[in-house]
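Encoded as structure tokens, the structure appears first; notes follow it.
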Amino acid sequence: MSELSKRFDFKEVDSKWCKYWEDNDVFEAKANKDKIPYTIVIPPPNVTGILHMGHALNNTLQDIIIRYKRMKGFEALWMPGTDHAGIATQNVVERKLAKEGKGREDVGRDAFVDMLWSWKKEYGDTIINQLKNIGASCDWKRTRFTMDDGYSEAVKQAFIKLYKKDLIYRGTYIINWCPRCLTALSDEEAEHQDHQGHLYHLKYPLKDDPENYIIVATTRPETMLGDTAVAVNPKDKRYKKLVGKTLILPLINREIKIIADDFVDMEFGSGAVKVTPAHDPNDYHMGKRNNLEFINVMHENGKINKNGGEFDGLDRFDARKKVLESLEKQGLLLKTEDHAHAVGHCYRCDTIVEPYLSKQWFVRMAPLAAPAVKAVKDGKIKFTPDRWTKVYLNWMENIRDWCISRQIWWGHRIPVWYCDDCNNEMVAADELKTCTKCNSANIRQDEDVLDTWFSSWLWPFATLGWPKENEELKYFYPTSSLFTASEIIFFWVARMIMAGFEFMGDIPFSDVYIHGTVRDSKGRKMSKSLGNAIDPLEIVNEYGADALRFSLIVNSGQDLFISKEKFEIGRNFANKIWNASRLILMNAKDIDKNFDLSKTENLDLPSKWIISRFHSTLEKVSDSIERYRYSEAENLIYEFFWSTFCDWYLEIIKDNWGNKQIQNIAYKIMEESLKIIHPFMPFVTEEIWDNINKDKGVLSIQPWPELDKNLINKKAEKNMLLVIEHTTSIRNTRSQWNISPKEELTCHFAAHSKDSLNTLKENAEVLINIAKLKDVKMDEKLQQTKNVAINVIGDSENAILLEGIVDIGKEKSKILKQIDEHKKLGAGLSKRLSNKNFTDKAPEDVVKKEKERLESIEIKVTKMEAAVAALN
RNA sequence: GGGCGAUUAGCUCAGUUGGUUAGAGCACCUGAUUUACAUUCAGGGGGUCGUAGGUUCGAGUCCUACAUUGCCCACCA
């Protein structure tokens, strides 16, 4: 056992333990039949990711519970890894290419994918290393990547299985298209943002009666180039006569019909809708229902194509302007209104997405959703906080098919081949050379890759080896809990549940914990572009990883509003732990390492109390962790260690370090406290532990302290509370008496260590004597204060009530005021107690408590009155 | 348009079967220091718990309405 250095050097300590834990495989987990598994899979961060506060929060939460469970004796596995993040990663390398003035087409598919792999090799571990730096106790040797060999096999098998069950199909539908990324997106990947746009009212003239026209309203006038009908509600009397008539589509001069369709809302706009089946999802369905023509007027990059006549080649937004100009010239633009509406944006590049008619692959979701809904309804999977259950169910019950093909190059290529000779469509895990039907070598693989989430949804079992059957998969699956932000419920959580049932026949996890979003002090989401982000690594650098972790969690009720100062609490607490331990190690030179807190005799009150308080804290902390109430757990620990252990116990025993039993108790409480603090602040606790218990191995794998309810002593806690109360009241007069804290505390420790009324009385006299000694000084200092009196104004069964009176006049009015307050309180109480309704209906213990309270108030008042009388 | 939260001290938030005089941290004010820790210690001021009703012996907590605010979902062109 060595002495701790004067300062807690977190920089050195953080990096030392990161390395030690990893080098010694401290967090390795194996299929150990003698233990119960507890498994968490990390939400794989994007391989392009750089640690931000959201990651720091998410991973600290996971680390707390996994470290806790590990100490509790579970075979704790935290599975790490990264996600290939299709579009995001491709964008990074494309940006690099763009600097050289090149596009991906210029280098070709194979070379481009090679570039991505080398990028991944060079930078892909960044975020993993950053996670290590904040203390994440993953089993790092297992680190997976959603495109590593085994994982790619899993993705292929999943695709093939669904394909063979006809749960995957290919078809031409309206999907969300990003004209910048040049790929399809799923519904979830198109983020709706409110836009202040315009609603343009256009006139479409009738063919037979060109003077007359029908008015349609649109927010995207350029799509009119692809209109193939105008629809009205069949119940709309205004248009009844016009249904079936032919219109001339302006600018294009196409003949289009007026049709009737229930979809049309008579109340909105003019009650007539232009129908563009190739460029709007609703119109698409109307087109299908009414057998309309589908005219695509746009290229993939958002430019108008030759179907757009004179507008051919214009970008969609230029086309919008030009179309409006032309219509206005012809007098066909009736009016322009301001109109707020939601517009979809690409979640990767923020470009406005275009509803676009395109041939894509889809997963049929309804059959997959059924068991996933049931599992949550049956309580097999629980959301915390509970309110997310509804959000999940609502989405699942209205689920739509999932567009899984992406027109990018970075990802899992769709394992489907087409034969150019016989049009055969083949699905296969391994590369095909010839057509399985006509044997032609003239075959080609589908160009598209799968949505990144199509690999992520397999994460809980693919990381454990699926589709191969093995011991580990059996042992660790289903996993225990999943930690994520609410944004990811649809993208990932819901889909993992579906995949779990589909491929494993079981839930993927039993608990889902949804944590808040990290925001700046003004409530804005932290983001690079806003420039309001606080870099967690900067905090690690300035305050230490423990400070980062502790501070984040203590603020983590719902959404977190973070500013830099908020991290001081963690830094200060780490410092406190360090210094308190240092104090104990400096003074407790003669400790018995096998000292057992439960086998002590003739304990003084403060020691009984601190042991009791430790165990009641231990009980509550364990309970809070199990119920995912982390900030509550931290508050309990903080309060116990700082306010209880340091501010009271260590102060009280200050002059009693010679007492071996006191030494042992202080040491033991510190040692046990380190264990319960460890999941929250692993570095500082590990370092202190290493100084005292090198022989026992690292703290990370020590058993969690055993709760001994016999050591919870309610009476001692109550008595000590009285002592604290009285000490506090004496402290109020202390500064006026000029008694140093040391004298005061000496007196108090002596007074309460024997826990008897007589001793208390004796020591009250000691206190009085001290005050009398000070009296002389006081006269010098406060010349006018002459009448100094100390009255023992009363005692109760457990402790003595002391009041110091310095300036009689001043103190008298103070006491009179107090008497007044007490009397008011007493009056309220006795009124309550005389209310029959209360005594009859309220539970007995409440009534009893209130009676006791009233009594004690009455006694207090009597004594105070006596004290005032004595002063006269 | 639908759904879900939030509203408690100057600020950030606890307050979980309704039950003592509503708590903490930060900030502010007063005071302490031969010290394990100035990243410290002691003390203090500051709240009609968003508003209005209701249920109850008793409401920050339950119910209703309203106000303010945040988020999610959504195919009104």
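Lettering follows sequence order; numbering is per chain, from 1.
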Legend entry - Integer angstrom distance from the C1' of B:A65 to that of B:G25: 36 Å

Inset, instruction - Mind calculating the distance between CZ (A:F268) and P (B:C75) to the nearest angstrom? - result: 15 Å

Inset, instruction - Select one nucleotide: of B:C57, B:C4, B:C76, the one nearest the side-chain heavy atoms of A:R387. - result: B:C4

Inset, instruction - Indicate, with a heavy-atom threshold strictly under 4.0 Å, whether A:V273 touches base, sugar-phosphate, or nothing. - result: base

Legend entry - Rounded P spacing from B:G54 to B:G2 in Å: 29 Å

Legend entry - A:L650 CG to B:A36 P, straight-line distance once rounded to whole Å: 11 Å

Legend entry - Minimum-distance nucleotide to A:N572 side chain [options: B:G19, B:U12, B:U40]: B:U40

Inset, instruction - Taking only the side-chain heavy atoms of A:F263 (C-beta and beyond), determine which of B:A74, B:A77, B:A42 contains the nearest atom. - result: B:A77

Legend entry - Ring centers of A:H345, A:H195 separated by less than 6.0 Å: yes

Inset, instruction - Mind checking A:R220 for me? I need base, sugar-phosphate or nothing, with any heavy atom below 4.0 Å counting as a touch. - result: nothing

Legend entry - d(CG, A:L583; P, B:U39) in whole Å: 19 Å

Legend entry - A:D194 or A:F10, whichever maps to the more 5' nucleotide of RNA chain B: A:F10

Legend entry - Distance between C1' atoms of B:C4 and B:A74 (Å, rounded): 15 Å

Inset, instruction - Pick base, sugar-phosphate or nothing for A:H201, based on heavy-atom distances below 4.0 Å to the nucleic acid. - result: nothing

Inset, instruction - Kindly say whether A:E619 contributes a backbone atom to a donor-acceptor pair with the side chain of A:D623 at under 3.5 angstrom? - result: no

Inset, instruction - Answer with base, sugar-phosphate or nothing: what part of the nucleic acid does A:R582 contact at a heavy-atom distance below 4.0 Å? - result: sugar-phosphate

Inset, instruction - Select one nucleotide: of B:C75, B:A42, B:G19, the one nearest the side-chain heavy atoms of A:D647. - result: B:A42

Legend entry - Any side-chain heavy-atom pair of A:T336 and A:L333 under 4.5 Å: yes

Inset, instruction - Determine the Euclidean distance between corresponding P atoms of B:A14 and B:A6; express it in Å to zero decimal places. - result: 9 Å

Legend entry - Integer-rounded Å distance: B:A77 C1' and A:E267 CD: 14 Å

Legend entry - Assigned partner base of B:C4, Watson-Crick or wobble definition, under 3.5 Å: B:G70

Inset, instruction - Report yes if at least one side-chain N or O of A:K576 is closer than 4.0 Å to OP1 or OP2 of B:C41; otherwise report no. - result: yes

Inset, instruction - State the pairing partner of B:G25; accept Watson-Crick or G-U wobble contacts with both distances under 3.5 Å, and report none otherwise. - result: B:C11

Inset, instruction - Evaluate the ring planes of A:H515 and A:Y513, with Trp represented by its six-membered ring, and classify them as parallel (under 30°), tilted (30 to 60°) or perpendicular (over 60°). - result: tilted

Legend entry - Nucleotide nearest A:H192 (side chain, heavy atoms from C-beta), chosen from B:C57, B:G3, B:A74: B:A74

Inset, instruction - Quick one: label A:N835 by what it contacts on the DNA or RNA (base, sugar-phosphate, nothing), any heavy atom closer than 4.0 Å. - result: sugar-phosphate

Legend entry - Selection from B:U21, B:A77, B:C57 that lies nearest to any side-chain heavy atom of A:K274: B:A77

Legend entry - Side-chain-base donor-acceptor pair under 3.5 Å for A:R7 and B:U39: yes

Inset, instruction - Scan every strand shown for a Watson-Crick or G-U wobble partner of B:A42, both distances under 3.5 Å, and answer none if you come up empty. - result: B:U30

Legend entry - Spacing of the C1' atoms in B:A59 and B:G18 (rounded, Å): 6 Å

Legend entry - Between A:F573 and A:F550, ring centroids under 6.0 Å: yes

Inset, instruction - Describe the nucleic acid contact of A:K841 in one word from base, sugar-phosphate, nothing, applying a heavy-atom distance below 4.0 Å. - result: base

Inset, instruction - Indicate, with a heavy-atom threshold strictly under 4.0 Å, whether A:P843 touches base, sugar-phosphate, or nothing. - result: base

Inset, instruction - Write down the distance between CD1 (A:I553) and P (B:C13), rounded to a whole number of angstrom. - result: 16 Å

Inset, instruction - Could you measure between the two C1' atoms, the one in B:C26 and the one in B:C66, and give it in whole Å? - result: 34 Å

Inset, instruction - Could you check whether A:K566 gets within reach of a base, just the sugar-phosphate, or nothing at all, counting any heavy atom under 4.0 Å? - result: sugar-phosphate

Inset, instruction - Check every strand shown and say whether A:W642 touches a base, only sugar-phosphate, or nothing at a heavy-atom separation below 4.0 Å. - result: sugar-phosphate

Inset, instruction - Quote, to the nearest angstrom, the P distance that separates B:G60 from B:C49. - result: 7 Å

Inset, instruction - For B:U48 versus B:U12, give the span between their C1' atoms, rounded off to a whole number of Å. - result: 23 Å

Inset, instruction - Give me the ring orientation class for A:Y392 and A:F383: parallel if the planes are under 30° apart, tilted from 30 to 60°, perpendicular past 60°. - result: tilted

Inset, instruction - Using only side-chain N and O atoms of A:R400, determine if any of them is under 4.0 Å from OP1 or OP2 of B:C75. - result: yes

Legend entry - Residue pair A:V216 / A:V273, side-chain heavy-atom distance below 4.5 Å: no

Legend entry - A:T219, nearest nucleotide to its side chain (from B:U12, B:A77, B:A36): B:A77

Legend entry - d(NE2, A:H515; P, B:C71) in whole Å: 17 Å

Inset, instruction - Determine whether A:D338 and A:Q196 make a side-chain contact, defined as any pair of heavy atoms from C-beta on separated by less than 4.5 Å. - result: yes

Inset, instruction - Please determine, for B:U56, whether a Watson-Crick or G-U wobble partner exists with both distances under 3.5 Å, and give it or none. - result: none

Inset, instruction - Just call it for A:H341: base, sugar-phosphate, or nothing, with non-hydrogen atoms closer than 4.0 Å on any strand. - result: sugar-phosphate

Inset, instruction - Take the protein atom CD1 of A:I857 and the nucleotide atom P of B:U21, then report the distance between them rounded to whole Å. - result: 8 Å

Legend entry - B:G47 - base-pair partner by Watson-Crick or wobble geometry, distances under 3.5 Å: none

Inset, instruction - Kindly point out which of B:A36, B:A77, B:U21 is positioned nearest to the side chain of A:R853? - result: B:U21

Inset, instruction - Check the distance between B:C72's P and A:F383's CZ and give it to me in whole angstrom. - result: 17 Å

Inset, instruction - Check for a donor-acceptor pair, side chain of A:N579 on one end and backbone N or O of A:N575 on the other, with a separation under 3.5 Å. - result: yes

